[in-house]
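All remarks here apply to the structure that follows.
So that the names make sense, note that chain A is the first sequence line, chain B the second, and so on, each numbered from 1. These values consider heavy atoms only, across backbone and side chains, with no hydrogens, waters or symmetry-generated copies.
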Amino acid sequence: MTDNTLLSAPWRHGMPMHSVAWHADTGTAVTLNELHARIAAWQTTLDGLAAPGQRWLLHHRDPFDFAAALIALWERGDSAVLPADDRPETLTALDAQTAGRLGDVADGHLPDHGGAKPRWGSLVAGRVAVSLYTSGSSGEPKRIDKTFAQLDAELATHAELWPLEGRLTISQVSHQHIYGLLFAILRPLCEGAPLAGATCRYPETLANWLMRLADARQGDSQVQAQVPPGAVLISAPPPLEHLPTELDWRAAPSVLARVYSSGAALSQAASEHAYGVLGVAVSEIYGSSETGGIAWRQQQRGECWTPLPGIEVRDDDHGCLWLRSPYLPSPGIWERQADRIALEGDGFRLLGRVDRIIKVGGKRLSLTGMDRALAAHPEVLQARTLALPRHDTRLGAIVQLRAEHLPVDHASRREMIAALRSKLLGAFEPTVIPRYWRFVESWPTNAQGKLSAELMARLFRDLDDRRQPRWLGVERLGDRQCRVTLEVPERLTYLPGHFDSRPVVPGVVMVQWACELAREHLELVGEFQRLERVKFARLLLPGERVTLTLAITPVAQGARLDFSLDGRHGAYASGKALFGHSADEREAVHVE
Amino acid sequence: MANALELELKHLIIDTLELEDVTPDDIDPDEPLFVEGLGLDSIDALELGLALQKTYGIKLEADSEESRRHFANLKSLAALVEARRVD
């Protein structure tokens with residue numbers, strides 16, 4: 001049997017022409033030789049920066065480059081710190097504890113062109129290989145160190161349960177997190193199977209790649225030797241929920257051997273949807289950054305989770321899950337988790353998180369109980385309450401309503417709040433009833449499928465800045481297009497607040513919102529230059545719910561932003577804003 | 001003028017308590033401020049008491065029958081301010 005561990009460094013050996021990556025769109029392979037050259041190039045860069053034994057911040061969207069950088073620094077005797085995302089604040093927070101930034105981020109070092117051979121070092125079981133950050137669904141992101149031994153224990157389980165056997169790994173998730181790192185990068189590397197040459201960002205790309213792989217399998221035998229015998233998909237709830245049925249998925253059932261999902265539980269409806277579209281049952285992995293994988297399931301076979309081999313679970317009097325796992329830093333110790341379970345046969349059902357208890361006005365309150373009470377109303381699909389640090393403590397509620405119940409203006413919003421309040425008053429003290437309500441049409445989640453602390457803060461940001469609209473979620477329509485749902489706060493600074501006159505949002509404020517939100521969601525940079533063809537079609541009143549559609553088009557002198565603000569009565573405002581190149585970009589253009 | 005003072009008090013209530021879904025128009029001067037009506041609670045009563053003291057120099061016993069009477073609705077609150085303000 002071949003050794004599939006990181007410690008055996010399988011990338012050092014093998015046939016020079018063996019493919020480590022495969023580009024489905026061109027049908028070309030990237031060989032082990034090329035990987036070695038890239039590792040050597042990264043090492044040249046690193047040697048120029050610091051002596052071995054460093055911690056490096058590493059972020060790179062390209063899976064091949066990411067893998068090469070990781071191996072290069074491991075073999076040099078360094079370790080990697082993987083930021084959860086590439087926002088400037090995230091990166092800055094890590095600068096103090098790292099020797100430098102590597103990859104596709106601002107001030108990130110990239111590999112030198114160098115034809116030298118890579119240097120192999122020695123990998124030690126107890127050495128920290130990577131440090132990851134939790135996505136923080138409950139508070140501040142937390143750093144988690146993983147040793148080679150911990151990662152290897154997990155990789156061995158996967159290889160045993162679901163051997164890749166040379167199949168192509170296609171990933172729709174970020175490898176800056178533990179799940180993507182293990183499944184999309186380390187598994188193929190260790191098992192000598194190719195990874196896709198790029199992250200698969202859109203369902204159209206996925207359908208296309210699967211079709212091309214199927215076609216390539218039909219090609220002549222000369223070419224076929226390079227073509228992977230099939231594929232596995234590393235996915236997550238958001239992309240699986242939104243798999244469009246109208247694409248051509250004919251190749252999927254024959255090409256895809258497995259579909260994985262992790263990050264959050266997949267709803268039963270989404271599981272059925274993905275199964276129907278792809279023709280392959282989704283294997284869900286339950287776990288966390290801290291614990292690694294705990295159990296897995298396929299909902300077509302039932303709701304129960306089966307512990308992964310080597311993992312032991314039990315419950316306590318409170319129904320909490322206790323775990324003993326070789327993936328934890330202390331493999332022999334039982335550790336209590338924040339999830340409640342019901343043991344069933346050889347597995348368990350997940351019953352949700354342990355109650356979150358807070359104090360409001362001196363009274364203890366279970367937020368979990370409040371969430372359940374809200375979700376019990378027929379109009380409500382899902383609800384999440386949280387403590388906001390305002391006047392002692394006040395609750396905020398994020399409530400997903402059926403589309404037909406979404407408030408559209410001040411009056412219908414007040415009605416909805418009054419209706420929910422009066423129902424809650426039967427079971428709760430007035431002081432603990434949510435004061436700040438955010439009604440959403442779709443449940444807000446990050447790329448891992450979680451309603452993160454960051455997203456929750458975003459939903460209530462207008463409370464601290466009265467110049468901002470109420471932000472109720474963003475829907476991506478493509479690379480450079482999105483639709484943001486907004487409400488006009490009744491206490492917006494810009495509304496002339498006179499009793500008798502009619503408060504409205506000034507047109508210039510609508511334009512300001514469009515520009516700010518385009519910078520936030522579409523990475524619009526550059527200086528504002530001018531407006532074109534701006535129309536204000538009707539008055540925008542406090543409490544009204546609107547959608548703001550934003551699209552960016554690159555133009556010779558910078559970028560053009562098309563915006564349109566619409567509500568149930570039709571268009572409120574539309575127009576174009578032009579932006580020049582930012583100072584950085586101008587420089588880059590000049591240098592080239 | 002009663003109306004001007006009532007409007008001033010409406011703004012004071014909304015701003016002090018950070019009521020995000022209430023406009024001055026939504027506060028009926030005759031409707032109860034607490035529980036039913038506007039739906040204020042005991043934490044709000046404390047905040048409002050502090051604001052009255054800061055703005056008008058009016059001191060109220062925290063949890064007395066008298067305070068409760070003054071806080072019954074916007075009209076009674078306006079009457080209190082009219083009678084006891086120290087400007």
Expected contact set for residues 534-550 of chain A against chain B at heavy-atom separation under 4.5 Å reads none
Qualifying residues under side chain to side chain contact (heavy atoms under 4.5 Å, CB included), relative to A/R402, sequence neighbours excluded
A/L381, A/E404, A/H405
Which pair of non-hydrogen atoms, one from B/S42 and one from A/T431, has the smallest distance, and what is that distance?
OG-CG2, 3.5 Å
Largest heavy-atom contact set with chain B, pairs under 4.5 Å, which of A/E487, A/E490, A/R394:
A/R394
Atom CD1 in B/I43, atom CZ in A/R435: separation rounded to 0.5 Å?
8.0 Å
Pairs where residues 418-432 of chain A contributes a residue and the test salt bridge (charged side-chain N to carboxylate O under 4.0 Å, His left out) is met, not counting sequence neighbours:
A/E379-A/K423
Select all residues of residues 464-473 of chain A having any heavy atom within less than 4.5 Å of some heavy atom of chain B, and report them by number, or 'none'.
A/R466, A/R470
Could you pull out the closest heavy-atom pair between B/E20 and A/W437, with the gap in Å?
OE2-N, 3.3 Å
Here the pair of heavy atoms bringing B/D21 nearest to A/R413 is CB-NH1, 3.3 Å
Return yes when atom CD of A/E441 has more than 12 non-hydrogen atoms of other residues, nucleotides or ligands closer than 6.0 Å, and no otherwise.
no
Could you go through the side chain to side chain contact (heavy atoms under 4.5 Å, CB included) check for B/E18 and A/R491 one step at a time?
CA-CA 9 Å; B/E18 298 190 293; A/R491 299 170 64 229; 4.0 Å; yes
